[in-house]
Amino acid sequence: MKTTFIPIDYDYFDFEGRNYIKMIGRNKEGKRVCVIDSCPVYFWAVLKEGISKEKTKLLMEKVGKIKLDVKGRFTKVEKVELHDKKFLGKSVKALKIFATNYKDMHDIASELDFSEIEKRRGYDLGFITHYIIEKKLKPLQFYEIDGEEISESLEFGGIGKSLNVNFCIKLSSHKESKEIKFVPKVLAYDIEADDFKIGEGEIIMMSLFTDNVKKVITFKKTNEKPEYVEYVKDEKTLLEKFTEYVKKISPDFLVGYFSDGFDLPYLKSRAEKHKVKLALGLDESQPRFFKGALTTAKIQGIVHVDLLKFIQTAYSQYMQSETLSLNEVSKEFLGDEKKDFKFQHSSKIKEHEWEKYFEYNLHDSSLTYRLFEKFWPDMQEFTKIMQEPVFDVTRNGMSKNVEDFIIHNLERFDEIPEKRPTHDEIGDRRRQPPFEGAFVFEPTPGLYENLAVFDFTSSYGSVIVTFNLSKSTFLNKPEKNSYNIEALGKKVYFSKEPGFFPEMLKEIIKKRKQFKEELKKEDDPVKRARSNAFKLLANASYGYQSFFGGRYYCEEAGAATAAFARQSIKEAIGNIEKAGYKVIYSDTDSIAFLQGDKTQKQTTEFLSSLNEKLPGIMELELEGFFKRGIWVTKRTGDIGAKKKYALIDEKNRLKIRGFETVRRDWCKLAREIQNNVLRQVLNDGDEKASLDYLKKIVKKIKSREIPREEFVIKTQLKKPISEYKAISPHVIAAKKMQELEIPISAGTLIEFYIAETRESKKLVRDKVKLLQEKGEYNIEYYLKHQIIPAVENILQVFNINAEELIDGKKQKTLGDF
DNA sequence: ATATACACGGATCCCCTATTTCC
DNA sequence: GGAAATAGGGGATCCGTGTA
């Protein structure tokens with residue numbers, strides 16, 4: 001039968017010793033389709049240089065005869081072919097060795113200890129990745145397909161019958177079809193349980209949210225039942241009801257927030273307790289859990305998406321939110337937040353509070369659903385670019401994404417894939433000392449007027465492309481016609497013959513530029529997502545080459561990238577100064593300088609003239625013009641602080657970097673005060689308004705007019721309490737939480753304040769109190785350790801001594817006499 | 001285990017010396 | 001008078017969080 005098909009989820013199974021891929025997706029009418037297919041499995045044996053034809057022929061015969069008994073499974077080499085290929089940019093002869101089953105390739109590869117063979121590669125991609133490369137059936141792309149319908153047949157053990165799909169097809173041919181808009185069926189869910197520890201409490205209720213179903217399922221009966229609530233008998237029937245709804249709604253995506261780590265493991269644990277089968281899969285199977293760094297939960301045929309993980313890798317670095325909680329993320333992206341409901345054990349909830357609890361639960365699913373809608377374009381673009389299943393792409397870190405992109409684009413370069421590093425190799429790489437990184441200019445503290453800021457577009461990426469820096473272009477010995485630079489305490493050389501990694505990166509940067517321009521013309525979510533995905537990919541590429549787990553790790557390339565970048569920025573600084581500007585600051589890829597008597601037009605023209613001289617794809621762009629900027633001294637010593645400055649543009653928009661204002665481990669009050677002072681100072685160009693403001697606020701603090709919430713300090717617990725060598729205030733606060741049986745773990749944001757104590761205590765940690773503890777904020781601590789430090793260095797620029805100002809002593813420093 | 005290095009700054013840790021306390 | 005305890009100064013280290 002012929003139909004259209006968009007693959008959404010990929011899985012595989014073995015049948016009669018062979019591997020088959022099982023794709024679940026839809027046709028353009030929205031029917032659910034399962035497609036079964038197979039592909040040849042093979043790996044590569046790269047031959048040593050200069051092996052004669054006869055020797056190669058003999059070797060091929062020997063390899064072709066390999067038979068193995070792997071744990072009782074008999075297997076053999078099916079076929080051997082000789083190919084001209086590339087490996088790490090070098091032309092090589094390689095044997096393409098075909099096996100019956102993907103799982104056997106590793107064993108066959110280790111059997112190949114012939115002296116003619118230099119390397120064995122391509123057996124560690126995973127069958128799904130191998131299949132997508134081999135048959136070019138990419139996720140979230142529409143195809144016109146043809147094949148035999150096996151929905152009712154007994155083929156492959158009756159797979160067609162056992163699956164809850166409209167059609168099951170054994171693929172015979174496929175062709176990429178033109179783009180058709182795909183709107184997935186999405187079901188968001190959220191559970192509420194009596195205990196935060198997985199499986200230790202009852203699941204009191206759970207909510208489901210999709211376009212036409214908005215429900216809370218619960219066994220808690222109340223006097224008045226809101227229409228969206230559905231009663232069940234008990235927890236066991238709640239679980240059964242959930243399974244039933246998932247089956248009925250049959251979503252493409254089941255979406256939760258932190259559901260890999262909480263909701264789904266919880267459901268599993270409770271289902272086990274009640275001996276209920278959580279048959280969520282299209283084949284009635286239960287979710288499978290994979291333990292990695294973080295547990296992931298997979299459902300057969302339905303893509304389980306944990307939004308938290310995706311937001312973490314794809315968005316967190318550009319977000320304002322201090323945490324990635326559902327509440328804060330919703331606030332930032334949806335302008336909506338969680339309903340107000342304070343967690344308490346169900347036995348303590350009063351009759352009239354239940355309705356609020358139900359609403360709260362339903363609203364969480366609603367937020368999750370809307371967040372999915374918001375991020376769907378991004379997930380779609382990521383998936384299309386990396387060409388890996390949505391399930392993986394939404395969980396992978398950026399290094400894996402970069403690597404997937406490389407792996408799926410190697411064929412164009414005729415490249416054999418490099419292997420994953422071994423455990424020992426990873427160990428060696430990790431033991432390498434860090435190499436020299438970016439250049440940061442030491443600023444002279446002061447208030448400056450009329451500034452311009454330039455920066456390099458995709459700085460590190462452009463450097464990698466321009467100087468061809470990668471594992472495959474790295475030269476072990478000096479070569480005359482090469483790119484070279486001092487790095488790692490020696491001179492490193494890179495070929496001028498374009499390597500596949502820089503070439504790929506060149507395309508990424510080009511596309512990023514193109515999409516960014518399209519976006520400027522017309523803003524739409526898909527374009528924005530596409531532009532963002534390429535930006536992230538370009539940015540992560542530098543880190544990837546220095547990441548110990550990468551297949552294409554190359555320390556020399558990483559160190560050389562940083563070295564060339566330093567060289568470029570220093571040259572640019574030199575040229576800007578030569579043109580008569582005064583450079584104030586520079587960090588990695590940006591330069592701030594005074595325009596002096598030059599006009600913005602002159603500066604823009606100067607930028608163009610600079611760009612004409614830059615090598616390769618290196619390019620400077622204008623980041624902006626600013627009417628004022630402030631740089632301060634370090635707290636220790638009187639040299640200028642790096643990575644700490646504030647700018648204001650003509651429209652009075654602030655750009656604050658590094659100051660306490662942007663740091664979540666400072667109390668809100670100190671941050672607010674600093675922000676106000678910065679704004680006033682940059683607005684007016686003097687300190688007068690700030691002095692009045694400060695005096696007033698200090699008075700308020702001293703007379704305890706300020707609510708305690710303003711003094712809360714938030715610090716993240718980064719590891720288990722027992723691993724801390726230094727017992728800092730937040731560790732004490734965490735211990736207190738533990739005593740109150742509030743669940744904490746690595747990653748929990750600890751909130752506390754510093755309180756007055758009866759006896760004077762020397763250590764700050766002895767004054768730590770949790771919000772729920774009674775107490776008063778410690779006036780001396782907050783003035784001395786939060787308020788003064790936050791404004792001291794700013795006021796110092798105007799020769800004002802903050803400490804004296806706040807203590808109410810004399811107001812000018814000695815410098816004024 | 002899951003991109004890199006550079007940087008700030010608070011708080012504690014730890015060693016040293018001087019002073020106090022104790023017998 | 002001499003040993004042990006304590007205080008406090010200051011650099012080293014730990015730690016979290018930023019910038020790019």
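Chain identifiers are assigned alphabetically (A, B, ...) following the order of the sequence lines, protein sequences preceding nucleic acid strands; residue numbering begins at 1 within each chain.
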For this session: Under 4.0 Å between any heavy atoms, over every strand shown, what does A:K719 touch: base, sugar-phosphate, or nothing? Just pick one.
Result: sugar-phosphate

Seminar exercise, completed: Walking DNA chain B from its 5' end, the first of A:L763 and A:E660 to be reached, judged by nearest nucleotide, is A:E660

Exercise. Think A:K642 has a side-chain N or O under 4.0 angstrom from the OP1 or OP2 of C:dG18?
Worked result: no

For this session: Please check the phosphate of B:dT4 (OP1 and OP2 only) for any side-chain N or O of A:Q545 closer than 4.0 Å.
Result: no

Problem set entry | Phosphate OP1/OP2 of C:dG16 contacted by A:K714 side-chain N/O (<4.0 Å) | no

For this session: Just call it for A:Y585: base, sugar-phosphate, or nothing, with non-hydrogen atoms closer than 4.0 Å on any strand.
Result: nothing

Exercise. So what does A:G658 touch, heavy atoms closer than 4.0 Å: a base, only the sugar-phosphate, or nothing?
Worked result: sugar-phosphate

For this session: Please work out if A:Y553 contacts a base, only the sugar-phosphate, or nothing of the nucleic acid, heavy-atom cut-off 4.0 Å.
Result: nothing

For this session: Look at all strands and tell whether A:F439 reaches a base, only sugar-phosphate, or nothing, counting heavy atoms closer than 4.0 Å.
Result: nothing

Seminar exercise, completed: Quick note, A:K634 side chain, CB onward, closest among C:dT17, B:dA7, B:dG9 is B:dG9

Problem set entry | Whole-Å C1' distance, C:dT19 and B:dA3 | 16 Å

Problem set entry | N or O in side chain of A:Y552 less than 4.0 angstrom from B:dA3 OP1/OP2 | no

Exercise. So, is A:S399 near the phosphate of B:dA3, with a side-chain N or O under 4.0 Å from OP1 or OP2?
Worked result: yes

Exercise. Should A:R663 be listed as having a side-chain N or O under 4.0 Å from OP1 or OP2 of C:dG18?
Worked result: no

Exercise. Contact class for A:R657 vs. all strands (heavy atom < 4.0 Å): base, sugar-phosphate, or nothing?
Worked result: sugar-phosphate

Problem set entry | Nucleotide B:dC6, atom P - distance to OH of A:Y542 in whole Å | 8 Å

Problem set entry | Phosphate contact (B:dG10 OP1 or OP2) by A:R635 side-chain N/O below 4.0 Å | yes

Problem set entry | Short side-chain N/O contact from A:H730 to OP1 or OP2 of C:dG16, under 4.0 Å | yes

Exercise. Hey, are the side chains of A:P443 and A:K642 touching, using non-hydrogen atoms and a 4.5 Å cut-off?
Worked result: yes

Exercise. Is the A:Y645 ring parallel, tilted or perpendicular to the A:Y585 ring (thresholds 30°, 60°)?
Worked result: tilted

Exercise. What's the CD-P distance between A:Q786 and C:dT17, to the nearest Å?
Worked result: 14 Å

For this session: Name the nucleic acid region contacted by A:A438, choosing base, sugar-phosphate or nothing; use a 4.0 angstrom heavy-atom cut-off, strictly under.
Result: sugar-phosphate

Exercise. Does the ring of A:F501 carry A:K471 above it, NZ/CZ under 6.0 angstrom from centre and within 45° of its axis?
Worked result: no

Problem set entry | Nearest listed nucleotide, side chain of A:H785, among C:dG18, B:dA11, B:dT4 | B:dA11

Problem set entry | A:K298 charged N/C atom sitting above A:F290 aromatic ring, 6.0 Å / 45° | yes

For this session: Figure out the CZ/C1' separation between A:F752 and C:dG16, and round it to whole Å.
Result: 11 Å

Exercise. Do the numbers put A:R430 on top of the ring of A:F548, so that NZ or CZ is under 6.0 Å from the six-membered ring centre and no more than 45° off the axis?
Worked result: yes

For this session: Could you tell me whether A:G437 contacts a base, only the sugar-phosphate backbone, or nothing, with contacts defined as non-hydrogen atoms closer than 4.0 Å?
Result: sugar-phosphate

Exercise. Going by the angle between their ring planes, with limits at 30° and 60°, are A:Y777 and A:F711 parallel, tilted or perpendicular?
Worked result: parallel

For this session: May I ask you to evaluate whether A:K643 reaches the phosphate of C:dG18, defined as a side-chain N or O under 4.0 Å from OP1 or OP2?
Result: no

